S.K.: 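Dumping the structure here so I can ask a few things about it.
These figures come from a predicted structure and were not determined experimentally. When reading the values below, keep in mind they use all heavy atoms of this one structure, side chains included, and skip hydrogens, waters and symmetry mates.
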Amino acid sequence: MTSSEGRERQRFTIDLPDQEAALALAGQGEIMLRRLSDLTGANLVLRGLQLFIEGRPSQMERAAGLVELLRPFWSEGQAVTQVDLQTSLQALDTGRSDEHRDLSNQVLARSQNGKLLRPRTLRQKQYVEAMERHDLTLALGPAGTGKTFLAVVQAVRSLQERKVERIILTRPAVEAGERLGFLPGDLQQKVDPYLRPLYDALHSLLSPERTAALIEKNIIEVAPLAYMRGRTLADAFVILDEAQNTTTAQMRMVLTRLGENSRMVVTGDPSQVDLPGSQLSGLVEAAQVLDGVEGIAICRLTAADVVRHPLVQRLVQAYARRDAQNQGRR
């Protein structure tokens with residue numbers, strides 16, 4: 001890296017390792033460089049394998065700091081996303097750059113298309129660490145915060161490292177009532193549409209063929225919550241998804257299924273409860289009852305952790321404001 005100083009504006013040069021890194025940092029049509037410029041006020045120009053950053057000292061320092069925080073992504077040829085950019089900027093502005101570097105270096109797995117999978121926000125990193133340290137983890141947060149996907153990644157890692165013998169994925173089917181009898185087809189055909197997000201997460205880590213083979217061998221079991229009753233889930237990584245739609249009785253039932261050498265992750269969004277009337281969500285009650293209990297972690301993700309389309313984050317925030325206003329009126 002070199003720098004040349006002027007009286008008002010400065011230039012800073014970052015040498016990139018290869019063309020893949022340059023393309024990953026710049027983005028399609030150099031859109032990420034334009035976003036970096038908009039966020040920092042500096043001018044970023046890519047020429048060959050050199051990135052020139054020009055601006056006033058404060059602008060240049062901020063832009064160079066962002067590029068360095070993003071280095072674990074672009075240096076591996078992994079495209080920098082809007083989420084990566086926003087979380088890096090937040091870490092830089094709040095003095096948490098060191099934590100963010102640790103986050104960027106925490107690679108969990110590689111997807112089927114070669115993408116490195118890692119927690120994308122600091123709260124996601126804390127969530128992953130909680131799953132590693134605790135036998136029971138509750139993850140509460142809005143849609144798009146990676147609750148289910150990170151749990152599936154952790155489950156597959158545990159299976160591959162032989163920490164568990166099987167993975168059990170379950171969720172309430174057809175809202176909370178699990179009225180499977182009204183649906184056509186056999187059991188698998190009845191529940192598949194409601195378990196599809198779990199299959200999608202598995203397919204991103206394992207091929208569909210590999211997933212099907214493991215399901216056939218009963219190493220991976222995907223089933224509605226009703227089929228957990230009366231069982232002891234030993235030597236397993238258990239994920240209960242969409243848990244906001246469990247009743248208090250269902251939640252107590254599934255939590256007490258946990259057997260020897262097993263871990264359980266319970267995920268859900270308390271703002272999307274489909275239970276009839278004023279019935280209390282089992283997830284909401286469990287988060288209250290189990291808070292502070294040894295061996296149990298409760299992780300709360302927010303709209304800032306949404307890693308889907310940037311619009312999803314704004315949608316979540318808009319609905320949260322509306323809910324807060326309605327609560328205030330009541």
S.K.: In Å, rounded to the nearest 0.5 Å, how long is the span from CZ of R35 to CD of Q86?
M.R.: 9.0 Å
S.K.: Would one find more than 12 heavy atoms of other residues, nucleotides or ligands at under 6.0 Å from atom CZ of R162?
M.R.: no
S.K.: Measuring from atom CD1 of I53 to atom OG of S37, what distance do you get when rounded to the nearest 0.5 angstrom?
M.R.: 9.0 Å
S.K.: Looking only at side chains, do D305 and Q124 share a donor and an acceptor under 3.5 Å apart?
M.R.: no
S.K.: Report yes or no: is the cationic atom of R118 (NZ for Lys, CZ for Arg) closer than 6.0 Å to the six-membered ring centre of F73, at no more than 45° off its axis?
M.R.: yes
S.K.: Between V156 and L206, does the side-chain contact (heavy atoms from CB on, under 4.5 Å) criterion hold? Intermediate values first, please.
M.R.: CA-CA 9 Å; V156 171; L206 309 166; 4.2 Å; yes
S.K.: So, R101 and D98, do they make that salt bridge, N to O below 4.0 Å?
M.R.: yes
S.K.: Do L46 and L33 have side chains that get closer than 4.5 Å, going by heavy atoms?
M.R.: yes
S.K.: Given side chains that start at C-beta, do those of L25 and M32 come closer than 4.5 Å, heavy atoms only?
M.R.: no
S.K.: If you define the side chain from C-beta out and look only at heavy atoms, does anything of L117 sit under 4.5 Å from V107?
M.R.: no
S.K.: Could you tell me whether E161 atom CD has more than 12 heavy atoms of other residues or ligands within 6.0 Å of it?
M.R.: yes
S.K.: More than 12 heavy atoms of other residues, nucleotides or ligands under 6.0 Å from CD of Q112: is that the case?
M.R.: yes
S.K.: Does a side-chain heavy-atom distance below 4.5 Å link L51 with V45?
M.R.: no
S.K.: Determine, stepwise, if the pair R123 / T302 fulfils side-chain hydrogen bond (donor to acceptor under 3.5 Å, both in side chains).
M.R.: CA-CA 9 Å; R123 271 185 291 264; T302 71; 2.8 Å; yes
S.K.: Is there a side-chain contact between V265 and L240 (heavy atoms, below 4.5 Å)?
M.R.: no
S.K.: Taking the six-membered ring of F237 as reference, does the cationic atom of R166 (NZ for Lys, CZ for Arg) lie under 6.0 Å from its centre and within 45° of its axis?
M.R.: no
S.K.: Can a salt bridge be assigned to the pair E132 and R157 using a cut-off of 4.0 Å between side-chain N and carboxylate O?
M.R.: yes
S.K.: Side chains of P208 and Y199: closer than 4.5 Å at any heavy-atom pair?
M.R.: no
S.K.: How far apart are the C-alpha atoms of D269 and Q244, what are their side-chain angles, what is the distance that settles it, and do they pass the side-chain hydrogen bond (donor to acceptor under 3.5 Å, both in side chains) test?
M.R.: CA-CA 6 Å; D269 179 1; Q244 76 275 4; over 6 Å; no
S.K.: Work out which heavy atom in R62 is nearest to a heavy atom in L39; give both atom names and the distance.
M.R.: NH1-O, 2.8 Å
S.K.: I'd like to know if E30 pairs up with R34 as an ion pair, taking the criterion as any Lys NZ or Arg NE/NH1/NH2 lying under 4.0 Å from an Asp or Glu carboxylate oxygen.
M.R.: no
S.K.: Looking only at the side chains, is there a donor atom on one of R56 and Q10 sitting less than 3.5 Å from an acceptor on the other?
M.R.: no
S.K.: Between side-chain atoms of residues 287-294 and protein atoms elsewhere (two or more places apart, or another chain), which donor-acceptor pairs fall under 3.5 Å?
M.R.:
none

S.K.: Going by atom types only, do R120 and T87 share a side-chain donor-acceptor pair under 3.5 Å?
M.R.: no
S.K.: Report the C-alpha distance between I239 and V152 in whole Å, list the side-chain angles of each, state the deciding distance to 0.1 Å, and finish with yes or no for side-chain contact (heavy atoms from CB on, under 4.5 Å).
M.R.: CA-CA 8 Å; I239 300 174; V152 173; 3.9 Å; yes
S.K.: Should L169 and D241 count as side-chain neighbours, where that means a heavy-atom distance under 4.5 Å?
M.R.: no
S.K.: Given side-chain contact (heavy atoms from CB on, under 4.5 Å), test Q50 with L16 step by step and report yes or no.
M.R.: CA-CA 6 Å; Q50 287 189 313; L16 305 179; over 6 Å; no
S.K.: Are the side chains of N245 and S281 in contact, using a 4.5 Å heavy-atom criterion?
M.R.: no
S.K.: Under 4.0 Å between a side-chain nitrogen and a carboxylate oxygen: does that hold for E221 and R231?
M.R.: yes
S.K.: Would you say E61 has more than 12 foreign heavy atoms packed within less than 6.0 Å of its CD?
M.R.: no
S.K.: Set out, in order, the CA-CA distance, both residues' side-chain angles and the distance that settles side-chain contact (heavy atoms from CB on, under 4.5 Å) for L44 and F52, then state yes or no.
M.R.: CA-CA 6 Å; L44 288 86; F52 297 97; over 6 Å; no
